[in-house]
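Data block below; observations after.
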Number of protein chains: 2
Amino acid sequence: MAAIRDDLTYAFGAGRLTPQRQTIAESARSLGRAFTIDDLAEEARYRDPSIGVATVYRAVSAMEATGWLERVGERAGSVLYAQCGAGDRHHHHLVCTSCGRVEPAECPLHDVAAHAATSGFVITNHEVTLYGLCPACLATGS
Amino acid sequence: MAAIRDDLTYAFGAGRLTPQRQTIAESARSLGRAFTIDDLAEEARYRDPSIGVATVYRAVSAMEATGWLERVGERAGSVLYAQCGAGDRHHHHLVCTSCGRVEPAECPLHDVAAHAATSGFVITNHEVTLYGLCPACLATGS
DNA sequence: TCCAAAGTGAGAACGATTATCACTTGGCTC
DNA sequence: GAGCCAAGTGATAATCGTTCTCACTTTGGA
């Protein structure tokens with residue numbers, strides 16, 4: 001399992017890969033869709049009931065810092081995260097509003113420089129999230 | 001001031017234009033930049049200290065429903081709003097990360113349909129926010 | 001003028017997130 | 001392997017933004 005071990009090591013960068021963090025990272029990967037902290041804590045505590053909610057928040061914060069997790073939106077006041085792998089090149093997200101599945105999307109901003117030129121703004125960052133229905137949900141009509 | 005009166009009437013659609021709501025809407029317009037509920041409440045209470053925070057939240061909710069206000073992002077856990085006028089056609093936002101100034105931006109997603117076709121997703125909604133520095137902040141180096 | 005519906009203000013309640021603190025663990029040096 | 005210290009943990013309190021509740025007031029139409 002060297003590959004997986006390396007993968008999870010990457011999730012926390014220079015931080016320690018404790019059993020709790022490993023459980024949380026594996027839970028994030030196994031969810032396979034956009035999730036809230038609550039979803040992730042539920043999955044992680046199913047695997048190890050002793051894991052506290054504060055630990056989940058801290059682990060998510062650490063994984064977000066390394067880019068292994070990304071926030072992809074919000075749902076009912078909670079931040080939505082998705083496991084996006086590390087070292088991916090610049091991209092955005094397609095979020096299924098029915099099942100929460102998340103797929104990477106090419107950055108559609110081909111002309112950001114043009115926007116900056118016409119407005120006088122110098123753009124340093126941008127967020128793009130596309131919402132819709134994935135093929136599976138379309139097929140089931142849900 | 002018929003024009004302004006009409007403008008504010010539009011802010012609440014079919015809802016009543018009470019003195020409190022008028023104060024809140026004028027405050028939103030006078031801020032001239034992206035603001036949190038807290039910023040808006042501070043401005044509104046400067047004009048009328050008797051206005052309660054719940055009233056500000058309710059007014060913002062009503063103005064958002066008519067499209068007179070739009071949420072343009074978040075700052076330190078609070079939702080950022082901007083007064084965008086009513087009846088504007090589809091657009092997004094350029095937010096200055098230094099002063100909070102907001103300008104409308106053309107929708108840069110010329111090929112949303114192409115994304116849907118290649119991914120199998122049917123896109124029903126999207127959010128785009130561009131962050132950067134406005135000309136004024138660039139000039140002052142802040 | 002009367003009345004029902006809409007709006008208001010104060011404050012309680014709620015839910016997500018963060019901070020605190022005593023304790024444990026991991027990984028380094030010797 | 002022993003000792004040490006920084007990092008991490010779990011429980012819980014605190015914080016903060018937002019929404020709800022309730023008694024009261026205002027609005028606008030009949």
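Chain identifiers are assigned alphabetically (A, B, ...) following the order of the sequence lines, protein sequences preceding nucleic acid strands; residue numbering begins at 1 within each chain. Predicted model, so just to flag it, every value in this text is computed and none were measured.
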>> Run the side-chain hydrogen bond (donor to acceptor under 3.5 Å, both in side chains) test against S50(A) and tell me which residues pass, sequence neighbours left out.
In response: D48(A)

> Rounded to the Å, how far apart are Q22(B) CD and dT26(D) P?
Replying inline: 17 Å

> Nearest heavy-atom pair of Q83(B) and L69(B): which atoms, and what distance?
Replying inline: CA-CD2, 3.6 Å

> Can you list the residues that meet the side-chain hydrogen bond (donor to acceptor under 3.5 Å, both in side chains) rule with S30(A), with sequence neighbours excluded?
Replying inline: R47(A)

>> So, taking the atom named OG1 in T18(B) and the one named CD1 in I24(B), what distance separates them when rounded to the nearest 0.5 Å?
In response: 7.0 Å

>> Under the rule for side-chain hydrogen bond (donor to acceptor under 3.5 Å, both in side chains), what residues qualify as partners of T23(B), not counting sequence neighbours?
In response: none

>> From CD1 of I24(A) over to C1' of dG10(D), roughly how many Å is that when rounded to an integer?
In response: 11 Å

> How many Å lie between CZ on R71(A) and C1' on dT17(C), as a whole number?
Replying inline: 11 Å

>> In whole Å, I'd like the distance from the CZ atom of R21(B) to the C1' atom of dA6(C).
In response: 8 Å

> So, does S78(A) use its side chain to make a donor-acceptor pair with the main chain of T36(A) at under 3.5 Å?
Replying inline: no

> Side chain of T55(B): nearest nucleotide among dA6(D), dA6(C), dT8(C)?
Replying inline: dT8(C)

> With a 4.0 Å cut-off, would you call D39(A) and R75(A) a salt bridge?
Replying inline: yes

>> Please determine whether a side-chain nitrogen or oxygen atom of T18(A) lies at a distance below 4.0 Å from atom OP1 or OP2 of dT9(D).
In response: yes

> When every nucleotide of nucleotides 11-22 of chain D is labelled 5' to 3' by its protein contacts under 4.0 Å (heavy atoms), B for base, S for sugar-phosphate only, - for none, what sequence of letters results?
Replying inline: B-----SBBBB-

> Sequence neighbours excluded, which residues qualify as side-chain hydrogen bond (donor to acceptor under 3.5 Å, both in side chains) partners of E64(A)?
Replying inline: R71(A)

>> Can you tell me which nucleotide in dG7(C), dA7(D), dT9(D) comes closest to the side chain of R16(A)?
In response: dA7(D)

>> When the axes are fitted on five pairs at both termini, how much does the helix from dT1(C)-dA30(D) to dC30(C)-dG1(D) curve, in 10° steps?
In response: 30°

> Does CD belonging to E74(B) count more than 12 external heavy atoms closer than 6.0 Å?
Replying inline: yes

>> If the cut-off is 4.0 Å, is Q20(A) near the phosphate of dG10(D), judged by side-chain N/O to OP1 or OP2?
In response: yes

